[in-house]
Amino acid sequence: MAIPMPTRQLFIDGEWREPILRKRIPIVNPATEEVIGDIPAATTEDVEVAVNAARRAFSRNKGKDWAKAPGAVRAKYLRAIAAKVIERKTDLAKLEAFDCGKPLDEAVWDMDDVAGCFEYYADLAEGLDAKQKTPVSLPMESFKSFVLKQPLGVVGLITPWNYPLLMAVWKVAPSLAAGCTAILKPSELASVTCLELADICREVGLPPGVLNVLTGFGSEAGAPLASHPGVDKIAFTGSFATGSKVMTAAAQLVKPVSMELGGKSPLIVFDDVDLDKAAEWALFGCFWTNGQICSATSRLLVHESIASEFIEKLVKWSKNIKISDPMEEGCRLGPVVSQGQYEKILKFISTAKSEGATILHGGSRPEHLAKGFFIEPTILTDVTTSMQIWREEVFGPVLCVKTFASEDEAIELANDSHYGLGAAVISNDTERCDRVSKAFEAGIVWINCSQPCFTQAPWGGVKRSGFGRELGEWGLDNYLSVKQVTLYTSNDPWGWYKSPN
Ligand code: NAD
């Protein structure tokens, strides 16, 4: 099953370049704890070279630059990239699974989504030319006005490790479709497939400098990118803490940012549901992607009248979740991404226990796996709203359960969070679902499910989960600036200044 990790360099100006300081970062397989390769580590010096390359590509020779190319030309490249992703799908999925511990089946879904995202934004790039000059109706006949939507410029894209390639492509595809040129800085914990994307761009002949990929640490490569005066916008996905630092750096130059941050999303289960269907969504909504989902519905609110039967079912079913090496067939829960993350999650669990929470299932390493960063699917009850485990993002396979007596109480508990990314409700009463979805303080609401995500629909949060929307047409708007153009069309003088005769 093992496939060799390719040895890559930084991808700058259409070619592979060794980092100027020649630093590299080891890749650790989270399922075995073995070092299986390494990636280049960019520093400020490389950021400088990449920004210059991206600036040249943005406005190279008159008429030949990426920004001014017709949308149809950019679409052709995006479609070629999508086709190569499909061609290499199996290998890309295996690399992803080795690198971040994601079950192979899930990594294959990700690759389909990656290709679909490039295809979708290829369509929007083609449509963009027709929308370039949108008229605005004015109250004065002597004026005409229209709006031009133009690429923002050179954009810095900083991304996390939980969906290493997909989260990057949610930014790469729309930014390139819009006519921006980009510098992608993936997470130091999982960058392998982003470097393979660079290789695909090279293979399809994407013009040099249009996409540059700088792997490396956040402090050494991400921070200089965020503060670089040659970068016109930063699109960030990651934790609240880092997002706040990136915003502070960008604020020095009043640089626009979009922020996709963490979450602590609720799932409300009412007493009129099919318990089996609801239980599957509750488990999937929290334990999918090894529990490392920004929108994981990790705070479960169950109506008190069904709570004991429902919780018993969750515990029973959790025992059957297959925890194994991500490459094993039927794996549903692989290891978490790193030693650091593993220790952090276990610390969250032990603190919750010391604060009085009860562990109904899990809470530690599965007995059958002596190596690797594996944690059992964990279900906690007797959790209070002031506990750290209820309030903070764990980013691991940990589900907290509380009960409620009324719809009002459920909504109050659901919204009592600094975060506001996702929220879900399960009930057979459609009017109730409608009421609850309007009351949720969240950017994404699921009814009778949890987590499904579509390239066509907007994605993003409120409160400390960030602002700006990715995906859909909103994702393209992230990389376009709006320019007002107003014409004076009358033959008469304006009349403010009367020349003396
Ligand atoms: P992180 O904040 O630690 O890192 C994110 C990225 O920022 C990485 O590439 C990192 O190298 C870089 N970085 C670190 N310090 C930096 C700095 N000072 N300046 C610039 N860049 C810097 O997040 P993570 O641990 O990689 O990812 C997990 C987090 O991402 C979770 O909070 C999760 O909820 C969030 N996330 C959100 C979404 C969403 O759509 N809202 C999607 C996926 C993940």
Side-chain angles (χ1 to χ4, degrees), residues 25 39 41-44 47 99-100 102 110 113 156-171 183-191 194 213-228 231 234-252 255 257-265 286 288-298 336-338 340-342 344-345 348 392-396 417-422 442-444 451 453 455 457-471 474-475 478:
I25 303 171
I39 52 166
T43 53
T44 311
V47 171
D99 198 18
C100 74
K102 189 183 280 269
D110 282 8
D113 283 352
L157 315 176
I158 303 179
T159 56
W161 46 261
N162 59 332
Y163 292 83
L165 187 56
L166 189 58
M167 288 301 103
V169 168
W170 281 15
K171 300 185 192 314
I183 299 146
L184 168 65
K185 208 304 277 171
S187 166
E188 59 275 23
L189 293 176
S191 288
C194 288
V213 182
L214 296 185
T215 52
F217 292 108
S219 56
E220 295 179 352
L225 188 61
S227 60
H228 199 293
V231 175
I234 292 288
F236 177 82
T237 300
S239 60
F240 166 76
T242 311
S244 165
K245 280 189 204 165
V246 168
M247 270 186 81
T248 305
Q252 306 306 308
K255 189 183 292 196
V257 292
S258 51
M259 291 277 145
E260 294 287 346
L261 308 177
K264 191 78 193 178
S265 304
C286 188
W288 183 43
T289 310
N290 306 338
Q292 301 164 135
I293 328 165
C294 50
S295 54
T297 38
S298 55
V336 298
V337 74
S338 65
Q341 200 62 20
Y342 173 78
K344 192 173 140 198
I345 297 165
F348 263 112
E392 289 182 27
E393 184 183 40
V394 175
F395 222 53
S417 170
H418 289 310
Y419 289 110
L421 187 54
I444 307 147
Q451 303 310 316
C453 169
T455 310
W459 181 272
V462 299
K463 303 200 271 188
R464 290 189 194 172
S465 293
F467 55 88
R469 290 293 177 268
E470 297 205 293
L471 299 180
W474 303 266
N478 265 332

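Here, residue 1 is the first one in the sequence, and each next residue gets the next number. Ligands are counted one by one from 1 in listed order, and the atoms in each one are counted from 1 as well.
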| Could you walk me through whether Thr242 and Phe236 pass the side chain to side chain contact (heavy atoms under 4.5 Å, CB included) check? | CA-CA 9 Å; Thr242 311; Phe236 177 82; 3.7 Å; yes
Run the numbers for me: atoms of ligand 1, each under 4.0 Å from some heavy atom of [X], listed by number.
X: Thr159; answer: 6 (C), 8 (C), 9 (O)
X: Gly262; answer: 32 (O), 34 (O)
X: Ala223; answer: 19 (N), 20 (C)
X: Trp459; answer: 39 (C), 40 (O)
X: Gly222; answer: 19 (N), 20 (C), 21 (N)
X: Lys185; answer: 8 (C), 9 (O), 10 (C), 11 (O)
X: Val246; answer: 19 (N), 20 (C)
X: Asn162; answer: 43 (C), 44 (C)

Check whether any N or O atom of [X], backbone or side chain, sits under 3.5 Å from an N or O atom of ligand 1, and answer yes or no.
X: Leu421; answer: no
X: Glu393; answer: yes
X: Ser239; answer: yes
X: Glu188; answer: yes
X: Ser465; answer: no

| field | Minimum heavy-atom distance Thr215-Pro186, with the two atoms named | value |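 Closest pair (atom of Thr215, atom of Pro186, distance): CG2-CG, 4.0 Å.
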State whether the side chain of [X] and the backbone N or O of [Y] hold a donor-acceptor pair below 3.5 Å, judged by distance alone.
X: Glu260; Y: Gly466; value: no
X: Lys185; Y: Gly156; value: no
X: Ser244; Y: Phe240; value: no
X: Lys255; Y: His228; value: yes
X: Glu393; Y: Gly263; value: yes
X: Ser465; Y: Leu421; value: yes
X: Lys264; Y: Glu392; value: yes
X: Asp110; Y: Leu166; value: no

For [atom], find the nearest protein heavy atom and state the residue, atom name and distance (0.1 Å precision).
atom: atom 17 (C) of ligand 1; value: Gly218 O, 3.7 Å
atom: atom 41 (N) of ligand 1; value: Leu261 O, 2.8 Å
atom: atom 3 (O) of ligand 1; value: Thr242 OG1, 3.8 Å
atom: atom 42 (C) of ligand 1; value: Cys294 SG, 3.1 Å
atom: atom 26 (O) of ligand 1; value: Trp161 CD1, 3.0 Å
atom: atom 12 (C) of ligand 1; value: Ile158 CG2, 3.7 Å
atom: atom 35 (C) of ligand 1; value: Gly238 O, 3.3 Å

| task | Please lay out, stage by stage, how Trp170 and Cys453 fare under the test side chain to side chain contact (heavy atoms under 4.5 Å, CB included). | result | CA-CA 12 Å; Trp170 281 15; Cys453 169; 3.6 Å; yes
| field | Within residues 236-245 or reaching into it, pairs that qualify as salt bridge (Lys or Arg N to Asp or Glu O under 4.0 Å) - sequence neighbours excluded | value |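 Passing the test, one end in residues 236-245: no pairs.
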| said: Quick check: do Arg469 and Asn478 have side-chain heavy atoms less than 4.5 Å from each other? | reply: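 Not touching, per the 4.5 Å side-chain cut-off.
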Check each heavy atom of [X] against ligand 1 and say whether those closer than 4.0 Å belong to the side chain, the backbone, both or neither.
X: Met167; answer: side chain
X: Glu470; answer: neither
X: Leu225; answer: neither
X: Phe395; answer: side chain
X: Pro160; answer: both

| said: Could you walk me through whether Ser239 and Leu261 satisfy the side chain to side chain contact (heavy atoms under 4.5 Å, CB included) test, starting with their C-alpha distance in whole Å, then the side-chain angles of each, then the deciding distance to 0.1 Å, before giving a yes or no? | reply: CA-CA 5 Å; Ser239 60; Leu261 308 177; over 6 Å; no
| From the candidates Val337, Thr289, Thr237, the one that places a heavy atom nearest atom 5 (C) of ligand 1 |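 The nearest heavy atom belongs to Thr237.
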| message | Working to the nearest 0.5 angstrom, can you tell me the gap between Met259 CE and Ile234 CD1? | response |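 Interatomic distance, Met259 CE to Ile234 CD1, rounded to 0.5 Å: 8.0 Å.
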| task | Check Pro164, Ser191, Ser338 against Cys100 for a side chain to side chain contact (heavy atoms under 4.5 Å, CB included) and give me the one that passes. | result |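 Testing each of Pro164, Ser191, Ser338 against Cys100, the sole residue satisfying side chain to side chain contact (heavy atoms under 4.5 Å, CB included) is Pro164.
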| message | With the threshold set at under 4.0 angstrom, would you say Pro186 reaches ligand 1 through any of its heavy atoms? | response |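 Contact check Pro186 vs ligand 1: positive.
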| query | Strictly under 4.0 Å, does any heavy atom of Tyr163 approach an atom of ligand 1? | reply |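 Contact absent.
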